[in-house]
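Report on one structure; see the data block that follows.
All residue numbers in this chain count up from 1 along the given sequence. Quantities reported herein were computed from a predicted structural model and do not represent experimental measurements.
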Amino acid sequence: MGSRKFGGQDPGQDFWEPFEHFFGPMPRRPFRQRSLGSGFVISSDGIILTNNHVVENAEEIVVRLSDEKEYKATVIGRDPKTDIAVIKIEANRALSAVTLGIRMPLGSVTG
């Protein structure tokens, strides 16, 4: 019988049915998806800005930096409306952070 998840019809049933006819029922494992995203280190202590859709349903977040080192990350905050998320890694070293916006000396603003 098909999965109730799809209204009683498993969309993969047509694919598996010929195999199950000859080999018996195929074991079904839960589906795990891997995804990729990008982000920016915004603080030398491991704060990273990324997209919400990258981390939204993640059970585990692994960050790979440009030096190929990998770190587990935790979500600090996220906002689905703006699709922004903030995560943190523990790199045990100071990281190079991007500069966001334009920095101007205080005396240079006129108006």
Residues which pass side chain to side chain contact (heavy atoms under 4.5 Å, CB included) with Asp79, listed by chain and number, not counting sequence neighbours
Lys81, Thr82
Listed partners of Asn57 passing side chain to side chain contact (heavy atoms under 4.5 Å, CB included), at least two apart:
none
Could you pull out all residues at least two apart from Glu70 that satisfy side chain to side chain contact (heavy atoms under 4.5 Å, CB included)?
Val62, Arg64
Which atom of Ala73 lies closest to which atom of Ile87, heavy atoms considered:
CB-CD1, 4.0 Å
Other members of the hydrophobic cluster containing Ile42, with the 4.5 Å side-chain heavy-atom rule, please.
Phe40, Ile47, Leu49, Ile76, Ile84, Val86, Val98, Leu100
Can you tell me how far CG of Asn51 sits from OG of Ser38, rounded to the nearest 0.5 angstrom?
6.0 Å
Among all residues two or more places apart in sequence or in another chain, which pass the side chain to side chain donor-acceptor pair (under 3.5 Å) test with Lys72?
Glu60
Measure from the side-chain N and O atoms of Asp83 to the backbone N and O of Asn52, and report whether any donor-acceptor pair falls under 3.5 Å.
yes
For a quick test of reading the model, state the closest non-hydrogen atom pair linking Asp67 to Lys69 and the distance between them.
OD1-N, 3.0 Å
Stepwise side-chain contact (heavy atoms from CB on, under 4.5 Å) test for Leu95 and Ile89
CA-CA 10 Å; Leu95 300 173; Ile89 63 172; 3.9 Å; yes
Evaluate Asp45 against Lys88 for side-chain contact (heavy atoms from CB on, under 4.5 Å), listing each step before the verdict.
CA-CA 8 Å; Asp45 64 344; Lys88 182 165 181 21; 4.2 Å; yes
Taking all non-hydrogen atoms of both residues, which atom of Ala97 and which atom of Ser44 are closest, and how far apart?
CB-N, 4.1 Å
How does the hydrophobic cluster around Leu36 look, that is, which other residues are in it when side-chain heavy atoms under 4.5 Å mark a link?
none
Could you walk me through whether Val41 and Leu65 satisfy the side-chain contact (heavy atoms from CB on, under 4.5 Å) test, starting with their C-alpha distance in whole Å, then the side-chain angles of each, then the deciding distance to 0.1 Å, before giving a yes or no?
CA-CA 9 Å; Val41 176; Leu65 299 179; 4.3 Å; yes
